[in-house]
Amino acid sequence: MEVVWAVGQVVALWLALVLGLIVLPSALGISLGISEAYMWVLVKTLEWATIRLQKGVKKPQPQMLQTPTAIGIIERDETPMEKEIARLHRADFEFSHIFYFCRKGFEAIVEDEVTQRFSSEELLSWNLLTRTNVNFHYISLRLTVVWVIGVIVRYCFLLPLRFTLAAIGITSMIVGTTVVGQLPNGSVKNYLSEVVHLTCSRILVRALSGTIHYHNKENRPQKGGICVANHTSPIDAIILTNDGCYAMVGQVHGGLMGIIQRATVKACPHVWFERSEIKDRHLVTKRLREHVADKSKLPILIFPEGTCINNTSVMMFKKGSFEIGGTIYPVAIKYDPQFGDAFWNSSKYNIVSYLLRIMTSWAIVCNVWYLPPMVRKEDEDAVQFANRVRSAIAHQGGLTELPWDGGLKRAKVKDTFKEEQQKNYSKMLVRNGSVG
Amino acid sequence: VSHSQITRLYSRFTSLDKGENGTLSREDFQRIPELAINPLGDRIINAFFPEGEDQVNFRGFMRTLAHFRPIEDNEKSKDQNGPEPLNSRSNKLHFAFRLYDLDKDDKISRDELLQVLRMMVGVNISDEQLGSIADRTIQEADQDGDSAISFAEFVKVLEKVDVEQKMSIRFLH
């Protein structure tokens with residue numbers, strides 16, 4: 001009996017602390033500086049760990065950390081087909097032509113540009129999480145001790161805290177938006193809906209221990225515009241709504257997600273599609289056009305890649321969103337992988353284990369850059385416009401651009417690409433005479 | 001091959017192994033977009049699978065990849081009585097030969113050459129043109145007049161080509 005009462009007291013104290021220190025400030029939009037202090041401690045610890053790791057490695061490493069984005073296993077030979085084959089003595093067909101294709105094939109088998117984007121980025125230095133400990137071995141006792149402390153802190157302290165916050169955040173989001181949804185349409189409703197969305201976003205961001213740096217806030221998306229961003233995880237939406245209200249676009253889900261979607265759409269005109277409707281692109285475009293034409297509606301948030309990519313590159317943008325017209329506000333989101341990996345590998349983890357992994361990482365640290373708005377030029381078609389926006393986002397975020405389609409995560413590549421390669425080779429053979 | 005390189009290749013192997021059963025099937029290879037668009041992709045994939053089998057384990061994977069190890073200088077002077085390493089010039093040439101030799105009879109016939117050519121050019125060159133390319137190539141390389149290329153003739157044709165450089169993949173660390 002006494003035990004139950006004591007436990008009850010602890011839980012009550014816990015909730016009071018959480019509400020007072022975290023929920024209330026988020027409602028008011030102020031920060032108490034607790035997370036900044038936490039981040040400072042974290043950064044210092046990880047720096048110390050990196051130094052110890054470097055000392056512990058026996059072999060001398062001449063060029064360790066040159067370019068963070070250029071980690072590769074093998075030296076890829078990027079000479080184009082023409083140069084490579086034409087370099088040979090005569091450019092008519094020779095048995096040795098096969099070497100070019102053979103080597104390209106093997107290079108692709110060992111390491112290719114595309115599939116590596118669908119799995120988590122490799123870290124340069126261990127960040128004291130078990131899950132990233134692939135290439136690093138036991139170094140010293142002190143490091144292991146720090147790691148153990150880290151595990152205890154993360155699982156026994158941070159996880160329950162974050163879980164509580166997430167629960168509070170989600171429930172208040174559902175309750176709040178349902179309540180606001182009962183009001184008649186008008187400016188009061190819009191204002192309250194914004195308040196509710198912002199507060200709940202802030203709570204959820206704190207639930208992930210998120211530290212977000214917003215850059216160029218003057219370029220923030222305006223009403224009646226379309227906001228496009230690169231996609232790494234479902235958390236992207238929360239990160240962006242932390243700083244402003246958007247109308248979201250997405251597929252209708254079941255379960256908890258579905259409840260949230262149904263609740264929020266009452267308060268704020270989000271656009272949720274049935275799966276069958278997504279296939280009907282004209283319907284999608286039509287609804288989006290209606291939304292954009294109404295200048296008093298919140299900016300739409302779209303992720304044109306269509307799927308989660310691992311935040312090292314930006315893949316092909318689907319042109320649908322760029323055909324609608326209106327002003328495009330590009331946003332670049334770059335996560336810092338040292339503190340936690342935000343990428344959702346949906347073929348490997350379902351949403352629940354993904355959220356658990358996020359909640360047991362150190363933190364989510366990211367940079368959000370608002371880029372100046374873009375409009376489609378007269379002589380540009382949707383695809384070129386999409387590529388232009390994509391370049392801007394990639395350039396700002398320090399990501400590489402890939403011409404491949406994110407859909408390759410699940411689907412096979414189209415035969416047209418192979419046919420293109422074949423065409424190129426044939427052109428070479430025929431061009432250099434001696435055909436018949 | 002160093003320990004860290006083997007570890008990386010193993011993690012590559014496991015990331016390709018979607019079925020997580022310790023072996024790769026042909027579909028696993030075809031999921032690599034850059035390989036799928038390679039005109040000779042199917043032949044290359046075939047090289048991994050021994051006769052009649054549909055699965056390759058890590059050992060087989062490494063064996064086939066070993067053909068592409070660059071030839072180290074100090075290896076050239078190693079003992080002559082041991083078995084020849086997989087990445088010797090001769091074995092690299094043999095590997096390429098097998099890519100042409102579809103029925104594995106140790107000869108590249110005109111038909112086989114035609115089939116491989118067809119894979120490389122797709123639909124862009126007519127049968128007659130392709131036929132004459134094949135004829136000319138065989139004529140130039142064929143020394144014993146049997147209208148097919150044996151391995152020895154193959155080696156002779158390529159004696160001036162820097163096979164080591166063309167058929168090698170270097171690791172960055």
Side-chain angles (χ1 to χ4, degrees), chain A residues 61 63 70-77 84 88-89 92-116 118-119 122 134-135 347 404-405 408 410 412-430 434-436, chain B residues 4-5 7-9 11-12 15-16 18 29-41 43-45 48 64-65 67-68 95-97 99-100 108 116-117 119-125 128-129 131-134 136-137 141 149 154 157-158 160-161 163 166-173:
Chain A
Q61 306 227 339
Q63 63 273 58
I71 307 178
I73 313 183
I74 52 176
E75 222 173 77
R76 306 271 325 240
D77 190 0
E84 175 102 2
L88 304 173
H89 301 291
D92 331 310
F93 174 73
E94 281 201 356
F95 284 109
S96 44
H97 285 182
I98 203 176
F99 290 150
Y100 172 79
F101 289 112
C102 196
R103 185 159 82 180
K104 278 258 167 277
F106 270 87
E107 279 176 355
I109 291 180
V110 175
E111 177 190 40
D112 78 299
E113 282 292 325
V114 185
T115 54
Q116 62 164 295
F118 298 135
S119 60
E122 270 193 48
V134 174
N135 298 325
S347 40
W404 298 93
D405 183 358
L408 288 175
R410 300 205 174 82
K412 285 233 183 110
V413 72
K414 291 207 259 261
D415 279 330
T416 42
F417 292 102
K418 187 190 224 179
E419 284 155 20
E420 218 182 286
Q421 293 255 318
Q422 288 171 329
K423 219 164 88 172
N424 282 343
Y425 180 65
S426 333
K427 270 205 279 226
M428 258 191 44
L429 277 191
V430 172
S434 293
V435 170
Chain B
S4 72
Q5 289 166 359
T7 325
R8 295 187 82 98
L9 284 174
S11 64
R12 173 70 173 165
S15 73
L16 288 174
K18 289 284 186 278
F29 281 102
Q30 273 159 358
R31 229 177 269 113
I32 306 174
E34 287 173 15
L35 185 62
I37 67 168
N38 190 321
L40 291 177
R43 292 298 303 156
I44 296 175
I45 296 176
F48 278 89
T64 318
L65 281 183
H67 284 103
F68 281 81
F95 185 79
F97 185 78
L99 284 176
Y100 282 105
I108 305 179
V116 174
L117 273 171
M119 280 190 231
M120 296 211 271
V121 306
V123 299
N124 299 292
I125 298 188
E128 299 88 51
Q129 282 183 335
S132 51
I133 295 179
R136 186 191 51 75
T137 319
I149 312 292
F154 188 71
V157 173
L158 294 172
K160 290 212 185 64
V161 176
V163 176
K166 291 200 181 307
M167 294 268 288
S168 297
I169 298 180
R170 278 174 202 296
F171 277 87
L172 278 178
H173 24 252

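Just so it is clear, the model here is predicted, and its values are computed rather than measured. Just so we're on the same page: letters track the sequence lines, and every chain starts at 1.
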Next on the checklist: Does any backbone or side-chain atom of Phe95(B) lie under 4.5 Å from a heavy atom of chain A? Answer side chain, backbone, both or neither.
Outcome noted: side chain
Checklist entry - If you measure from CZ on Phe106(A) to CG on Leu65(B), what distance do you get to the nearest 0.5 Å? => result 6.0 Å
Checklist outcome for this item: When the 4.5 angstrom heavy-atom criterion is applied to Ile45(B) and chain A, the contacting part is neither
Next on the checklist: Show the nearest heavy-atom pair for residues Phe101(A) and Ile44(B), with the distance to one decimal.
Outcome noted: O-CD1, 3.6 Å
Item to check | Contact class of Ala134(B) relative to chain A, heavy atoms under 4.5 angstrom | outcome: neither
Next on the checklist: Using side-chain heavy atoms (C-beta onward) and a distance below 4.5 Å, is Met120(B) in contact with Leu40(B)?
Outcome noted: yes
Checklist outcome for this item: Sorted by chain and number, sequence neighbours left out, side-chain hydrogen bond (donor to acceptor under 3.5 Å, both in side chains) with Glu419(A) holds for none
Checklist entry - With a 4.5 angstrom heavy-atom cut-off, which part of Leu158(B) approaches chain A: side chain, backbone, both or neither? => result side chain
